[in-house]
Amino acid sequence: MSVEQRPEIEALMAESRTFPPDPAFSARANAQPPLYEEAERDFEAFWARLARERLSWSKPFETTLEWELPFAKWFVGGELNVSYNCIDRHVENGLGDKVAYHWIGEPGDTRTITYADLLAEVSRAANALRELGVEKGDRVAIYMPMIPELPIAMLACARLGAPHTVVFGGFSAEALSGRINDAEAKVVITADGGWRRGKPAELKPAVDEALRETPTIEKVLVVRRLGDRATQCPMQAGRDVWWDEIVPRQPPDCPPVPVESEHLLYLLYTSGTTAKPKGIVHTTAGYLLGTSFTHEMIFDVKPDDVYWCAADVGWVTGHSYIVYGPLANATTGVLYEGTPDTPDWSRWWQIVEDYKVTILYTAPTAIRAHMKQGPQYAEGHDLSSLRVLGSVGEPINPEAWLWYHEHVGGGTAPIVDTWWQTETGMIMITPLPGVTTTKPGSATFPFPGVDADVVDGEGNPVPLGGGGYLVLKRPWPAMLRGIYGDPERYRETYWSRFPGMYFAGDGAKRDGDGYLWLLGRVDDVMNVSGHRISTTEVESALVSHPAVAEAAVVGGSDAVTGQAIIAFVIVKVGIEPTKELGTELREHVATKISPIAKPKSIMLTPDLPKTRSGKIMRRLLRDIAEGRALGDTTTLADATVVETIRQNSGKSED
Ligand code: WT7
């Protein structure tokens, strides 16, 4: 593995403008500089203080951290309930009428859910789950559109101590069944469908298909979202139950089940470097502390803020910064079902204006998509309520940063570029608004208490100005506790590359001022529109098609999506390499994994460049995909292969 030199990063670091905090903002910022010092003095004592102050415990913890590398246990001996911390205590503190979520359906329907409403709904849903046989420790799969019942379902599971695994609604039936089987889930919570780009998008057929191969599933709870259209939604007697037939009749109270600090809160599957997604394990107390504290500090959340994280709840961003972190902080949030372009590109800005959104958290790919449409949509709306902007999911290029700053933030709102991962649970590298002077394109510094470093291939820290691999050197409360059912893979994936350190899989540089610049993945993982997709996963989907002999997938750069999936495919002898076959293969990947994993282009080629040992040379394929000059080809088994691919690629590109 080598850290690639990326010319765009060099250009990016040459961007010399810096953005110091506004003194007026600093004066009332939640985060203050001494936080760094306190955390550095004794990071365990720092997190222990916060855990005592911020979380409501039914039994106090005794030990802050048990660290048997790579296995961490935080706040050992303590007991608490996440749903209680996110809802009940706020209602008990007189915040029952405070809005938890302003929900906006894509067709324009809306719902306002207060903390008191949330308490009643979550309690009813928890009672309904119990009626369906769910008990503490049972896993529940959730496959839903962005409707209020999604966070309600998650919180209902947490109330019972039943771990959930949310599967993004854009995933295929096959992806869903794989996750259900790995988690051995007992119940699925889903909906007949949701609204997407002005049209109903059904979900239940995919569930029915997935459940043909999932022996552990006993019941399916189905929310009616599509209204009359749902009459066509087939329900299997004895297995499928409508949400509106079982939930509303339950009593609106359900005592939260106290669980141990390290009780499994959820599994979230993410792509690794193999074809099998990893079930990332997140537990209760440390996760809730890490997400809620970072949320309050990094977004400077105050009681009267209206906070909108525009991600889907199905990703970790949604888990940590739409559901658990914000609700633990009694925040008022916006939840929007649809896409930014429906009915047109002013939709988001209309929402910001209507709800006077003060904090917006989104991904660079979304900013670039807006940029592409031009600033007129944003300019046509009053965005003056916005006071903090966040970015996540991939490196943000300075051009997008500056556009966001100027056209969305009115040239004044600080931007927090937040680096983290499904595995880290919480934001790890980020500016603190009001404290940090930002540089467009840099995620700046580790969050207080986090020890991040950039090391060379031997694990030695690189000097200022150097590049290498991003590592984390001490445990943090929201860290993953493992890969579900596979401790060896956990150790191997994250803790074996550099002994004693967590290897994130990202390349990074530190500039002369010590600022961190994230350079993207250094493993076989692509980042498409902020979604993590494994090259191997797409390759194995391709080779599962009867016409395909061999496939290699690389990430090429794309102006909007960051990376785009480029596939090189060798067809079997006797198969015609036609354009139609290319289209069919793209659809095949969509069915196997998800439409988001569909290759942007497929090159049907007679051969692939390989080393003498038979390893596909991805670096060359990336060069070809991006039309770059070819690097050294001498390690190729057959140097003419590259030329052949290059010549054919123009013709067979889909
Ligand atoms: C990978 C993690 C964390 C929520 C969304 C993605 C990339 C994430 C940044 C950033 C540069 C970033 C990394 C990381 N990434 N945030 N601010 N700057 N790169 O979660 O699917 O687990 O992906 O996203 O490559 O490893 P994920």
Side-chain angles (χ1 to χ4, degrees), residues 3-4 6 8-9 12 166 168 170-171 267-273 277-282 290-291 294-295 298 309-325 361-367 389-398 400-401 404 415-431 438-447 452 454 469-472 478-480 483 493-494 502-509 515-534 537 555 561-563 594 596-597:
V3 180
E4 285 176 61
R6 295 183 197 213
E8 60 277 15
I9 297 286
L12 192 148
V166 179
F168 170 58
F171 274 120
L267 297 174
L268 188 58
Y269 287 82
T270 189
S271 292
T273 51
K278 303 173 283 199
I280 301 301
V281 172
H282 281 296
T291 55
T294 49
H295 178 254
I298 296 164
C309 169
D312 193 288
V313 167
W315 308 110
V316 76
T317 308
H319 283 59
S320 297
Y321 296 107
I322 296 178
V323 183
Y324 294 116
Y361 189 29
T362 185
T365 185
I367 299 162
L389 302 177
S391 172
V392 63
E394 55 178 315
I396 180 166
N397 48 311
W401 196 104
Y404 198 25
I415 295 181
V416 288
D417 172 7
T418 62
W419 179 91
W420 58 297
Q421 308 179 298
T422 304
E423 291 88 341
T424 68
M426 63 183 231
I427 295 169
M428 302 295 280
I429 301 176
T430 178
T438 52
K439 298 186 184 187
S442 167
T444 75
F445 304 107
F447 187 79
V454 182
Y469 305 95
L470 183 73
V471 293
L472 300 167
M479 70 189 283
L480 77 166
I483 295 175
T493 308
Y494 304 106
Y502 172 89
F503 173 49
D506 281 45
K509 275 200 171 194
Y515 281 65
L516 291 165
W517 301 75
L518 280 307
L519 306 181
R521 305 288 304 194
V522 293
D523 53 12
D524 294 332
V525 172
M526 299 172 288
N527 192 325
V528 181
S529 298
H531 302 319
R532 196 158 139 184
I533 299 163
S534 138
E537 213 175 330
T561 59
Q563 281 191 306
S594 161
I596 59 175

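In each ligand, atom 1 is the first atom listed, and ligand 1 is the first ligand listed.
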Quiz item: Below 3.5 angstrom, do we get any N/O pair linking Thr270 and ligand 1?
Solution: no
Practice problem: Please confirm whether Tyr321 and Trp420 have ring centers closer than 6.0 angstrom. | Solution: yes
Quiz item: Tell me: protein heavy atom nearest atom 23 (O) of ligand 1, and distance?
Solution: Arg532 CD, 3.4 Å
Quiz item: Where do Val313 and Val323 land on the side chain to side chain contact (heavy atoms under 4.5 Å, CB included) test, with the steps shown first?
Solution: CA-CA 8 Å; Val313 167; Val323 183; 4.1 Å; yes
Quiz item: Taking non-hydrogen atoms only, is Glu394 closer than 4.0 angstrom to ligand 1 via side chain, backbone, both or neither?
Solution: backbone
Quiz prompt | atom 22 (O) of ligand 1: the protein heavy-atom neighbour that sits closest, reported with distance to 0.1 Å | solution = Thr422 OG1, 2.6 Å
Quiz item: With Val525, which of Glu537, Gln563, Arg532 fulfils side chain to side chain contact (heavy atoms under 4.5 Å, CB included)?
Solution: Arg532
Practice problem: Run the numbers on Val281 and Leu267 for side chain to side chain contact (heavy atoms under 4.5 Å, CB included), then give the verdict. | Solution: CA-CA 5 Å; Val281 172; Leu267 297 174; 3.7 Å; yes
Exercise. Give a yes or no on whether the backbone of Asn527 and the side-chain of Glu394 come within a donor-acceptor separation of less than 3.5 Å.
Key: no
Quiz item: Can an N or O of Ser391 be found at a distance shorter than 3.5 Å from an N or O of ligand 1?
Solution: no
Quiz item: With a 3.5 Å cut-off and no angle check, do the side chains of Thr424 and Tyr502 form a donor-acceptor pair?
Solution: no
Quiz prompt | Per-residue contact class, Val525 against ligand 1 - non-hydrogen pairs under 4.0 Å | solution = neither
Quiz item: Can you list the atoms of ligand 1 that are under 4.0 Å from a heavy atom of Asn527?
Solution: 7 (C), 24 (O)
Quiz item: Taking Ser320 for the side chain and Thr317 for the main chain, is one N or O donor matched with an acceptor at less than 3.5 Å?
Solution: no
Exercise. With heavy atoms only and a cut-off of under 4.0 Å, state how Asp506 meets ligand 1: side chain, backbone, both or neither.
Key: side chain
Quiz item: Hey, is Pro395 touching ligand 1 through its side chain, its backbone, both or neither, going by heavy atoms under 4.0 Å?
Solution: both
Exercise. Would you mind checking which non-hydrogen protein atom is closest to atom 5 (C) of ligand 1, with the distance to 0.1 Å?
Key: Thr317 OG1, 3.5 Å
Practice problem: Determine, stepwise, if the pair Thr270 / Glu423 fulfils side chain to side chain contact (heavy atoms under 4.5 Å, CB included). | Solution: CA-CA 9 Å; Thr270 189; Glu423 291 88 341; 4.0 Å; yes
Quiz prompt | For Val316, the ligand 1 atoms whose distance to one of its heavy atoms is below 4.0 Å | solution = 4 (C)
Quiz prompt | Options Gly393, Ala363, Gly505, ranked by nearest heavy atom to atom 16 (N) of ligand 1, top entry | solution = Gly393
Exercise. Classify the angle between the aromatic ring planes of Tyr469 and Phe503 as parallel (below 30°), tilted (30 to 60°) or perpendicular (above 60°).
Key: perpendicular
Quiz item: Is it true that the side chains of Tyr361 and Thr418 contain a donor and an acceptor less than 3.5 Å apart?
Solution: yes
Quiz item: What part of Thr424 sits under 4.0 Å from ligand 1 if we count only heavy atoms: the side chain, the backbone, both or neither?
Solution: neither
Practice problem: Could you tell me the residue and atom name of the protein heavy atom closest to atom 3 (C) of ligand 1, and the distance to it rounded to 0.1 Å? | Solution: Trp420 O, 3.2 Å
Practice problem: Check each atom of ligand 1 against the heavy atoms of Thr418 and keep those under 4.0 Å away; list them by number with element. | Solution: 9 (C), 10 (C), 16 (N), 17 (N)
